[in-house]
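Report on the following structure.
Quick note on labels: first sequence line is chain A, next is B, and so on, each numbered from 1. Treat the numbers as computed from the prediction; the structure is a model and nothing was measured. Computed from heavy atoms alone, side chains included, the values below leave out hydrogens, waters and symmetry copies.
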There are 2 protein chains.
Amino acid sequence: MNTTIKDIARLCDVSITTVSRVLNNKTESIGAQTVKKVQHKIDELGFRPNLIARRMITRQSHTVGLVIPDIRNPFFSEFARGVEDHMNNQDYGVFLCNTDSSLEKEKQYMTILQGKLTDGIIFTTQNKLESSKSFDDFIKNKFPIVLVERYLEGIDDVPGIYVDNKGGAADLCRFIISRGHQDIACITGPLQTTNARLRLEGYKEALLEAGIKINEQIIIKGNYRYGSGRDGMKNLLDNNKTKFTAVFACNDMMAFGAFETLEKYGLKVPGDISLAGFDNIPFPEVFRPQITTVDLPAYNMGEKSAEMLMKIIKKEKLSDIRFQYSLDVVDKGSVDFLKV
Amino acid sequence: MNTTIKDIARLCDVSITTVSRVLNNKTESIGAQTVKKVQHKIDELGFRPNLIARRMITRQSHTVGLVIPDIRNPFFSEFARGVEDHMNNQDYGVFLCNTDSSLEKEKQYMTILQGKLTDGIIFTTQNKLESSKSFDDFIKNKFPIVLVERYLEGIDDVPGIYVDNKGGAADLCRFIISRGHQDIACITGPLQTTNARLRLEGYKEALLEAGIKINEQIIIKGNYRYGSGRDGMKNLLDNNKTKFTAVFACNDMMAFGAFETLEKYGLKVPGDISLAGFDNIPFPEVFRPQITTVDLPAYNMGEKSAEMLMKIIKKEKLSDIRFQYSLDVVDKGSVDFLKV
DNA sequence: CTGAAAGCGCTAACAC
DNA sequence: GTGTTAGCGCTTTCAG
């Protein structure tokens with residue numbers, strides 16, 4: 001049997017209320033002697049109050065759920081750390097849920113998290129259709145939730161944080177164009193997802209604005225994974241009849257994959273082909289290749305979403321129900337001036 | 001007000017016991033009609049039982065704590081994923097705690113986790129003295145815990161999983177020696193930690209066994225961080241009078257740092273200097289440099305520790321109280337045959 | 001087959 | 001200053 005507040009009370013010859021008060025630092029109205037006596041016993045026995053019981057009464061779990069596709073993805077581990085650090089400062093804990101973006105797992109976790117296990121949820125997903133099914137309950141129940149880069153059609157009153165995918169992609173492409181490139185290929189993300197579509201839109205916007213015609217032949221569909229970058233590049237090199245001098249891969253992983261192919265074909269980056277990605281996955285600076293990219297402020301986004309969630313939980317007013325980060329291009333030298 | 005089991009009972013005109021039974025699938029002894037009626041109401045209202053209340057009674061949280069230094073470190077995110085996957089299969093959740101190896105944070109988290117929030121803890125730490133202070137309570141309380149690569153002096157009845165640091169380092173150095181190298185420098189980890197000491201011991205063992213004299217001049221103290229690899233290498237190159245043809249950095253991050261310096265000095269790896277690390281941090285294969293290293297099976301270790309912890313929680317018998325992984329060298333070509 | 005009642009360990013009015 | 005008491009929402013004997 002575990003020691004409880006009752007045991008302490010008995011041992012100290014006081015009521016459980018008194019013990020409870022000491023435990024909660026409500027000592028203003030208790031004799032200094034009593035406090036000391038009780039505290040001493042608590043320390044002596046190494047007694048820890050049962051938080052579950054406390055939570056039952058106070059009706060808050062002091063925990064939030066963090067639902068992400070995969071903690072091994074550097075973006076999400078950065079993000080998670082941002083969440084945890086902020087929550088930790090507020091005396092909140094984090095319950096980790098990896099879903100692999102599987103609808104099944106997402107639902108399963110959501111159900112558990114709703115069971116009073118958490119006071120709120122930060123939810124991210126990727127690589128799949130933007131359905132709102134998993135959220136119906138949450139939205140109905142008004143369960144505190146913050147969405148991260150999740151675009152729900154027809155629903156705009158759910159708090160969320162977003163990045164300016166379109167603007168970032170456009171800026172990056174403008175940068176490429178400013179180096180003299182006109183024939184710029186694109187390896188897209190999975191176009192069922194809004195953020196992949198937005199990046200593609202940004203690409204098109206920048207080209208059109210520069211008076212460059214969109215050539216669908218050099219727009220290859222990928223899925224944000226390494227392999228699809230590698231294969232997409234192969235495809236571009238083997239089957240395509242249009243020339244191109246630069247490639248915009250819609251995320252870094254695909255850019256790395258594309259690089260593998262370029263290297264295999266004996267093409268230099270930059271020099272023969274310029275290459276750019278998106279995400280700014282953090283690697284040591286000595287690593288090669290270094291690919292020009294667009295930075296996603298993962299840690300900040302984690303902190304920000306934690307901050308928003310806390311406000312919702314504490315019923316404070318949100319300044320913006322949706323927050324959008326603008327994105328910066330990070331020049332790492334993989335895009336150079338076009339030689340004439 | 002939230003719906004509770006009581007509401008369902010009232011609405012269905014049955015007792016709360018009956019509702020509880022339906023909720024827990026103990027329907028053998030209930031009329032099919034009743035079950036249907038109750039289940040229907042539950043679905044209709046989207047009712048979810050309060051898990052906190054349930055936990056209070058059943059006295060188990062179905063959650064484990066995962067205490068790690070930093071989820072952003074690829075080793076720990078792999079590890080964490082292994083833990084989560086195993087726990088998930090057992091219907092257990094994971095409560096994430098980043099400590100930055102700070103004693104303060106560790107204690108803070110431990111206290112919370114012990115407060116019945118979790119049924120057990122998986123604990124890892126690094127970069128500091130192996131004191132048992134944080135654990136006194138746990139060990140006294142017999143709180144289920146699994147240590148990961150944490151060596152506690154004088155305590156050997158606490159379950160833990162370990163890797164064969166000494167053997168791995170020795171094998172790696174034997175590999176280097178087998179390529180003809182005799183003058184092998186070493187950049188160590190922080191020697192207050194047991195695992196850094198063990199890696200150094202492995203290095204020495206391999207050299208001695210090959211009849212090579214240990215030269216303390218080319219053993220540089222590092223701290224497992226990138227910067228200390230970079231600076232250690234500089235130190236080795238600038239101030240040291242003994243020649244060396246290979247360097248064993250006691251982890252990959254330091255090896256990458258060392259590589260930065262070598263590159264800056266115009267030295268080729270391999271060719272001019274052979275270089276090896278430890279950990280096998282996962283990066284895409286296109287990346288350069290690729291450093292020969294010793295693989296740490298992070299994901300497996302996560303799964304294994306989760307498995308051990310579950311056995312302890314369920315009071316099943318552990319086959320071994322301590323489990324040790326043997327380690328394999330991964331040749332990535334950064335160590336070549338010594339030119340004569 | 002079903003229900004009444006006793007708690008789990010704690011907090012929070014409300015008394016004294 | 002301190003104690004009594006009534007729950008929080010659920011599970012679980014034990015009766016019927």
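Remark: P of C:dC8 and CD1 of A:Ile5 are 13 Å apart, rounded to the nearest angstrom. Atom CD1 of A:Ile52 and atom P of D:dC10 are 14 Å apart (whole Å). What separates CZ of A:Arg59 from P of D:dC8 is a distance of 7 Å, to the nearest Å. Between A:Asn50 atom CG and D:dC10 atom P there is a gap of 17 Å when expressed in whole angstrom units.
Separating the CE atom in A:Met110 from the SG atom in A:Cys97 is a distance of 9.0 Å, to the nearest 0.5 Å.
Listed candidates were C:dT2, D:dG9, C:dC10. Nearest to the side chain of B:Ser29 is C:dT2. The side chain of B:Ala53 sits closest to D:dC10 out of D:dC10, C:dT11, C:dG9. Of the candidates D:dC10, C:dC8, D:dT2, D:dC10 carries the atom nearest the B:Pro49 side chain, counting heavy atoms from C-beta on.
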Polar-atom pairs under 3.5 Å, protein N or O versus N or O of nucleotides 4-7 of chain D: list them with distances, or write none.
residue : atom : partner : partner atom : Å
D:dT4   : O4   : A:Thr17 : OG1          : 2.7

Would A:Asp119 and A:Tyr92 count as a side chain to side chain donor-acceptor pair (under 3.5 Å) here? Give the steps. CA-CA 10 Å; A:Asp119 296 343; A:Tyr92 263 68; 3.0 Å; yes
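Relative ring orientation between A:Phe79 and A:Phe76 is described as perpendicular, the plane-to-plane angle rising above 60° on a 0-90° scale split at 30° and 60°.
With a 6.0 Å radius and a threshold of 12 heavy atoms from other residues, nucleotides or ligands, B:Glu104 has its CD atom at or below the threshold.
Residues satisfying the side-chain hydrogen bond (donor to acceptor under 3.5 Å, both in side chains) test with A:Asp70, not counting sequence neighbours, are A:Arg72, B:Arg81. Residues satisfying the salt bridge (charged side-chain N to carboxylate O under 4.0 Å, His left out) test with B:Arg322, not counting sequence neighbours, are none.
Contact annotation: B:Lys26 reaches the phosphate of D:dT12 (side-chain N/O to OP1 or OP2, under 4.0 Å).
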